[in-house]
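Atoms within a ligand are numbered from 1 in the order they appear, just like the ligands themselves. Only heavy atoms go into these numbers, but all of them, side chains included; no hydrogens, no water, no symmetry mates.
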Amino acid sequence: MTTDSVVYPLELAATLADRLRSAKQELVTQWLNRISARVAISTKRVFPTHELLNHVPLLIEGIAGYLKRPERDINAKAPVVAKAMELGALRHAQGFDAYEILKEYEMLGEIIFDFLSDCAEEIPEDVSRRDFLACWQRISQAIELIRQATMSHFLRLSSAQVNERENRLRKFNRTVAHEMKNSVNAIASASTILAESWTGEAERKEIEAIIAKNADGLKRVLANLDSLSRTQADSRHCNNVLLPEAANEAVRELKEAARAKGVDVRIADQLPAIDVDAATVELCLMNYVSNGIKYSDSSKGDRWVGIAATVEGPDTERDREVVIRVSDNGIGVPAERRNQLFQEFYRAHGDTVTGAEGTGLGLSIVRETVESIGGRAWAEFPGETGSVFAFALPARRRDDVEVTEKTSGDSPTAD
Ligand code: ADP
């Protein structure tokens, strides 16, 4: 057993560092190709900006520098750490999760390891294995340090986002509690009056209507809160279903409401068979489709609501996403009121115009829910009448894209 203190193999380290440097462009290309094979982001967008594409090779450069100079530390001030943090910010913006970032660095480790294995074949026989291992250890340390820099920056940004979401949720809870309190108070006062002996038949009817209306309102808010909590619970349990099944389920649940209003709910033929989060998609579809039914145009003979879905992107702005659209030929929304849709308690028509009761909470819950899983929700008004309410969910898994490419030859439309 030897007790020699280990001497760092400077010469070998310098040779390997130079090789790493000269191969850096090639190594980055390999890395990029492997990453984009895993996630459905175009290669151009994996390192999207010119700046990052120029700077990512600096990570390899940094590793090579660390290898060559044993006295060098990779600390917070090292330029390579700044680049690693930029990568963390980029991945956060692209909606990567922590696991994917770890995987990405694992791949970088593998690529560098393969590269060094090739180098090992070529180095002179008198270079000791121990020296070679010392170099590998130093490289592994460097990879570990830049991985930590990327990861800790990514986690910092994620936790800021969680805080912001918590604040929004608290505000949302306050508004919902306020709304429920109003309804409960209205019901309580109305029942007190009902108990009084002076109320005549006409007043009784009026008061009963107030109670029924507020109880309905409460029921709707509770149903939405229930779906919302199911969404949060389900996202932990990853309860996924295929999109066509989720659409069928929503339509089945609303069958009676549609029949009562004489509205035909149609699902486009070729909904892509993509795995989606069951509770989120059902919550969104239930709200959109029930609105399409509620705000149908009674002056039209043929009243319909259509569900269609397509996979869009990637483009310079976004990665691939599944876009689900619910169109209708209903009463539409006046142009000057469209901006406020999706705000809590905003009702664009008011009970008097449509006779449709509601709380103005449904759309805000839809938005809240899809945004919580990295999606978005919006409305479009392409025609003279009717509306299109849409939501998009990130479709970053390669499997999803392949399924879509197989199933959706042409883009489905509402009718
Ligand atoms: P609610 O239907 O309970 O009022 P929502 O948040 O679901 O609440 O919708 C907010 C408002 O947006 C509705 O009050 C209505 O004015 C308008 N709206 C929603 N969906 C439609 C639609 N499909 N057609 C016309 N207006 C709609």
Exercise. Which atoms of ligand 1 sit under 4.0 Å from any heavy atom of G332?
Worked result: 25 (C), 26 (N)
For this session: List every atom of ligand 1 that sits less than 4.0 Å from any heavy atom of L361, numbering the atoms from 1 in the order shown and giving each element.
Result: 6 (O), 8 (O)
Exercise. Do NZ/NE/NH1/NH2 and the carboxylate oxygens of K24 and E61 come within less than 4.0 Å?
Worked result: yes
Exercise. Can you check whether Y288 has an N/O within less than 3.5 Å of an N/O in ligand 1?
Worked result: no
Problem set entry | Contact check: I331 vs ligand 1, nitrogen or oxygen atoms, below 3.5 angstrom | no
Problem set entry | Any donor-acceptor N or O pair under 3.5 Å, side chains R170, N167 | yes
Exercise. Going by heavy atoms in the side chains, are K300 and T385 under 4.5 Å from each other?
Worked result: yes
Problem set entry | Nearest neighbour of atom 6 (O) of ligand 1 from the list L363, N329, T385, on a heavy-atom basis | L363
For this session: Could you tell me whether N287 and ligand 1 have an N or O pair separated by under 3.5 Å?
Result: no
Problem set entry | Contacts of type side-chain contact (heavy atoms from CB on, under 4.5 Å), residue K68, not counting sequence neighbours | A14, A17, D18, R21
For this session: Specify whether F389 and Y288 have parallel, tilted or perpendicular ring planes, treating 30° as the upper limit for parallel and 60° as the lower limit for perpendicular.
Result: tilted
For this session: Please say whether more than 12 non-hydrogen atoms of neighbouring residues, nucleotides or ligands are located less than 6.0 Å from CZ in F113.
Result: no
Problem set entry | Pairs touching residues 135-158 that satisfy salt bridge (charged side-chain N to carboxylate O under 4.0 Å, His left out), sequence neighbours left out | E144-R147
Problem set entry | Enumerated ligand 1 atoms positioned under 4.0 Å from heavy atoms of K294 | 1 (P), 2 (O), 3 (O)
Exercise. Can G330 be said to touch ligand 1, with heavy atoms closer than 4.0 Å?
Worked result: no
For this session: Verify the neighbour count for atom CD of E71: are there more than 12 heavy atoms of other residues, nucleotides or ligands below 6.0 Å?
Result: yes
Exercise. For Y346, is at least one N or O under 3.5 Å away from an N or O on ligand 1?
Worked result: no
Problem set entry | Interfacing atoms of ligand 1 (cut-off 4.0 Å, heavy-atom, S387) | 22 (C), 24 (N), 25 (C)
For this session: Ignoring hydrogens and angles, tell me if any N or O in the side chain of D297 forms a donor-acceptor pair with the backbone of I331 under 3.5 Å.
Result: no
Seminar exercise, completed: Candidates V326, N291, L341, V289; heavy atom nearest atom 20 (N) of ligand 1 found on N291
Exercise. Do any nitrogen or oxygen atoms of G362 come within less than 3.5 Å of a nitrogen or oxygen of ligand 1?
Worked result: yes
For this session: Name the option, out of R337, R347, H349, that contains the heavy atom nearest to atom 4 (O) of ligand 1.
Result: R347
Problem set entry | Enumerated ligand 1 atoms positioned under 4.0 Å from heavy atoms of F389 | 19 (C), 20 (N), 21 (C), 22 (C), 23 (N)
